[in-house]
Every structure is written in structure tokens, then in C-alpha cells.
Amino acid sequence: METPVSLDAEDIRNEKVKVLRSKQPLLLEDVIVGQYKGHNKGSKSYPAYIDDPTVPKDSLTPTFAAAALFINNARWDGVPFLMKAGKALHTKRAEIRVQFRHVPGNLYKRNLGTDLDKATNELVLRLQPDEAIYLKINNKVPSLGMRLDRSNLNLLYRSRYPTEIPDAYERLVLDAIEGERRLFIQSDELDAAWALFTPLLKELEEKKIVPELYPYGSRGPVGAHYLAAKYNVRWGDLSGEVYFTCSFTINP
């Protein structure tokens with residue numbers, strides 16, 4: 001969202017509504033839905049979504065979704081915002097990743113090769129677990145030769161601030177008691193959010209779109225990776241680090 005007029009709850013919530021209303025309509029071609037299937041790993045067996053006795057065997061209910069969204073304003077025109085969330089994935093976390101575009105005519109391309117992890121600088125805001133802010137950058141390895149490496153400039157909250165960090169819901173309960181409304185959703189923001197997603201949900205239901213299956217405990221359906229590649233973005237959970245995830249690419 002753009003900078004609000006003040007830190008007053010109403011001003012902040014107005015800017016949140018404005019950005020929701022500026023989003024382009026969601027297209028089915030920019031959305032991937034999935035459903036987890038049964039999976040055996042060693043001696044342990046993981047159930048499929050439809051193995052739940054309360055779920056019909058022919059259920060088309062998604063347990064995973066990935067989407068590319070765009071904002072129609074001067075600041076974010078043409079920038080893809082990729083979001084995904086799902087159940088029964090390989091890890092549970094919530095984070096925002098800002099991936100910077102590659103520099104045109106990069107002089108270090110010969111040293112980096114085609115390794116996307118090393119070719120892309122990235123700012124990561126991890127909301128949970130282990131709250132942190134870190135910047136992934138390329139740096140020269142100290143030596144007589146020219147070799148580049150990937151490093152993190154890391155602010156891990158539990159290391160920097162050893163005191164207990166309040167749980168998200170603790171903070172919300174305290175805000176509710178004190179009458180602080182900045183983190184709560186007002187009715188017009190809720191209406192704007194549903195106006196964005198309702199047409200897509202109706203299209204999925206009317207066309208009976210079959211969710212792509214993915215194994216329990218995996219990174220989700222393969223189609224999500226093709227969606228990211230379509231916009232030259234790489235999901236952050238592929239890098240092997242320690243899941244709602246939002247990624248977008250901006251100019252450096």
C-alpha cells in the first residue's frame with residue numbers, strides 16, 4: 001500500500017482498501033489449485049485429503065492455491081505478486097520475499113552462470129516461525145581469484161532480542177482490549193477482498209476445475225513452479241532454507 005496520511009487506524013485501513021481496489025481481476029490462467037494425495041515415506045503412511053471420512057471421494061476442494069496478482073497503479077505497474085498457501089506441505093511458515101530483477105548487462109554473469117539463487121538478490125521478511133528480516137546478497141569470496149558466493153545479512157529477532165516475543169494472537173487480543181483498530185479489517189476492506197476473489201471462485205466451481213494432485217509433505221503441485229517460471233520468479237522454499245509465501249519482483 002502507499003504511505004498513509006498518518007498512523008491513525010482509519011488512514012491505514014483506507015490505504016489497504018485502495019490497494020485491493022487497484023488489483024487487476026484474477027485470471028484462471030494465473031492460478032494453480034491443488035489437492036494433497038496419500039504418500040508413503042519409509043514405514044510411515046500419510047493420508048490423502050479424500051481419505052477423511054467427512055470428505056466425498058470425488059471432492060474437488062483445493063487444499064493448495066498459488067496465484068499471480070497485479071496492481072494497477074504507477075508504482076507497481078507490471079510487477080507480478082505471487083502468492084501461495086496450502087495444507088500438508090513440507091514446512092509451515094509465513095513469509096514475504098522481495099526478489100530484485102537482474103541487472104541488465106551484468107558483468108558477473110560469467111561467474112554466476114545460470115544459478116538463479118545466486119543471480120537474484122532477495123529481501124526476506126519471515127513472519128513465522130523464528131521472526132526475522134534478512135537480505136540475500138552476492139559477495140566476493142576473499143581470495144586472489146574472482147569467486148562469488150551467496151550470503152545473508154540477517155536480523156533474527158530471538159537472537160537480537162532475547163526477551164519473549166508476543167504471539168500474534170496475544171497482540172491482537174491486547175489491541176482489542178485497548179481499542180486499537182489498525183490491525184483489524186473493516187467492512188469495506190472485506191468487501192474489496194471478496195470482490196477480487198469471488199469471480200475466480202465461481203469460475204473454478206462452474207468449470208469444475210480439477211485440482212492438481214501433490215504428495216502429502218511435498219512442496220505443492222508442479223504447476224505452481226511453472227507459474228513462477230512464467231514470471232521469472234523462483235519460490236523461496238526451493239533453496240533448502242529453514243508456508244503462506246508471497247513473492248514479487250522489483251527493479252533494483
Side-chain angles (χ1 to χ4, degrees), residues 20 23-70 80-97 99 116 124 126-130 167-169 172 185 189-248:
L20 283 172
K23 288 187 179 293
Q24 294 180 11
L26 268 170
L27 302 177
L28 191 58
E29 62 193 48
D30 284 333
V31 175
I32 299 294
V33 292
Q35 184 185 100
Y36 66 86
K37 62 180 180 179
H39 177 59
N40 294 321
K41 187 175 182 180
S43 60
K44 193 168 184 179
S45 179
Y46 298 91
Y49 174 71
I50 58 175
D51 289 337
D52 188 312
T54 63
V55 175
K57 294 299 181 183
D58 59 349
S59 174
L60 298 180
T61 301
T63 59
F64 174 96
L69 300 93
F70 294 86
F81 287 75
L82 271 71
M83 304 177 66
K84 70 175 178 177
K87 295 181 177 180
L89 299 174
H90 72 298
T91 185
K92 183 178 181 180
R93 62 182 174 182
E95 61 185 20
I96 300 169
R97 290 175 173 263
Q99 295 182 0
L116 290 179
V124 182
R126 185 188 299 157
L127 308 180
Q128 64 176 359
D130 300 327
D167 181 78
Y169 287 103
L172 284 177
I185 296 177
E189 182 181 347
L190 193 62
D191 289 342
W194 276 113
L196 176 65
F197 287 101
T198 297
L200 173 71
L201 294 174
K202 286 184 177 180
E203 188 175 4
L204 287 170
E205 184 175 0
E206 291 171 356
K207 294 184 177 180
K208 299 187 182 300
I209 302 297
V210 178
E212 182 181 343
L213 297 179
Y214 62 94
Y216 189 111
S218 69
R219 288 183 168 87
V222 175
H225 305 299
Y226 284 108
L227 176 64
K230 177 180 175 181
Y231 293 106
N232 199 28
V233 176
R234 180 181 174 91
W235 294 114
D237 56 310
L238 290 178
S239 59
E241 303 169 9
V242 207
Y243 179 122
F244 168 77
T245 299
C246 172
S247 299
F248 57 99

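- Residues satisfying the side chain to side chain contact (heavy atoms under 4.5 Å, CB included) criterion with Gln24, sequence neighbours excluded, are Phe70, Asn72.
- Remark: Lys57 NZ is packed, more than 12 non-hydrogen atoms of other residues, nucleotides or ligands lying under 6.0 Å away.
- For Asp167, there are no side chain to side chain donor-acceptor pair (under 3.5 Å) partners, not counting sequence neighbours.
- Sorted by first then second residue, the side chain to side chain donor-acceptor pair (under 3.5 Å) pairs that include residues 191-206, not counting sequence neighbours, are Glu203-Lys207.
- For Tyr226, there are no ring pair (Phe, Tyr, Trp, His ring centres under 6.0 Å) partners, not counting sequence neighbours.
- Residues Leu20 and Ala193 approach most closely at CD1-N, 4.1 Å, considering heavy atoms.
- With hydrogens and angles ignored, the 3.5 Å screen pairs no side-chain donor or acceptor of Trp235 with any backbone N or O of Arg219.
- Annotation: side chain to side chain donor-acceptor pair (under 3.5 Å) contacts involving residues 58-67, sequence neighbours excluded, comprise Ser59-Thr61, Thr63-Tyr214.
- Going from atom CG of Leu200 over to atom CG of Leu28 covers 6.5 Å, rounded to the nearest 0.5 Å.
- Within the structure, salt bridge (Lys or Arg N to Asp or Glu O under 4.0 Å) contacts touching residues 31-43 (residues at least two apart or in different chains) do not occur.
- Closest approach of Leu196 and Lys23 over heavy atoms only: CD2-CD, 3.5 Å.
- Of all heavy-atom pairs between Leu82 and Ala68, the closest is CD1-CB, 4.1 Å.
- Residue Ile96 holds its CD1 atom at 10.0 Å from CZ of Phe81, rounded to the nearest 0.5 Å.
- Residues satisfying the salt bridge (charged side-chain N to carboxylate O under 4.0 Å, His left out) test with Lys230, not counting sequence neighbours, are Asp30.
- In plain terms, the two heavy atoms of Pro47 and Tyr216 that are nearest each other are O-CD1, 3.4 Å.
- Taking the six-membered ring where the residue is Trp, Tyr36 and Tyr49 present perpendicular rings, their angle passing 60° and hence far from 30°.
- Residues satisfying the side chain to side chain contact (heavy atoms under 4.5 Å, CB included) criterion with Pro211, sequence neighbours excluded, are Val33, Gln35, Leu60.
- Remark: side-chain polar atoms of Gln99 are paired, donor with acceptor, to backbone N or O of Arg234 under 3.5 angstrom.
- Lys92 and Pro129 get closest at one heavy-atom pair: O-CD, 3.4 Å.
- Val31 and Ala67 make their closest contact through CG2-CB, 4.0 Å (heavy atoms, listed as atom of the first residue, atom of the second, distance).
- Interatomic distance, Leu26 CG to Leu204 CG, rounded to the nearest 0.5 Å: 10.0 Å.
- The neighbour count for Lys87 NZ, taken as heavy atoms of other residues, nucleotides or ligands under 6.0 Å away, does not exceed 12.
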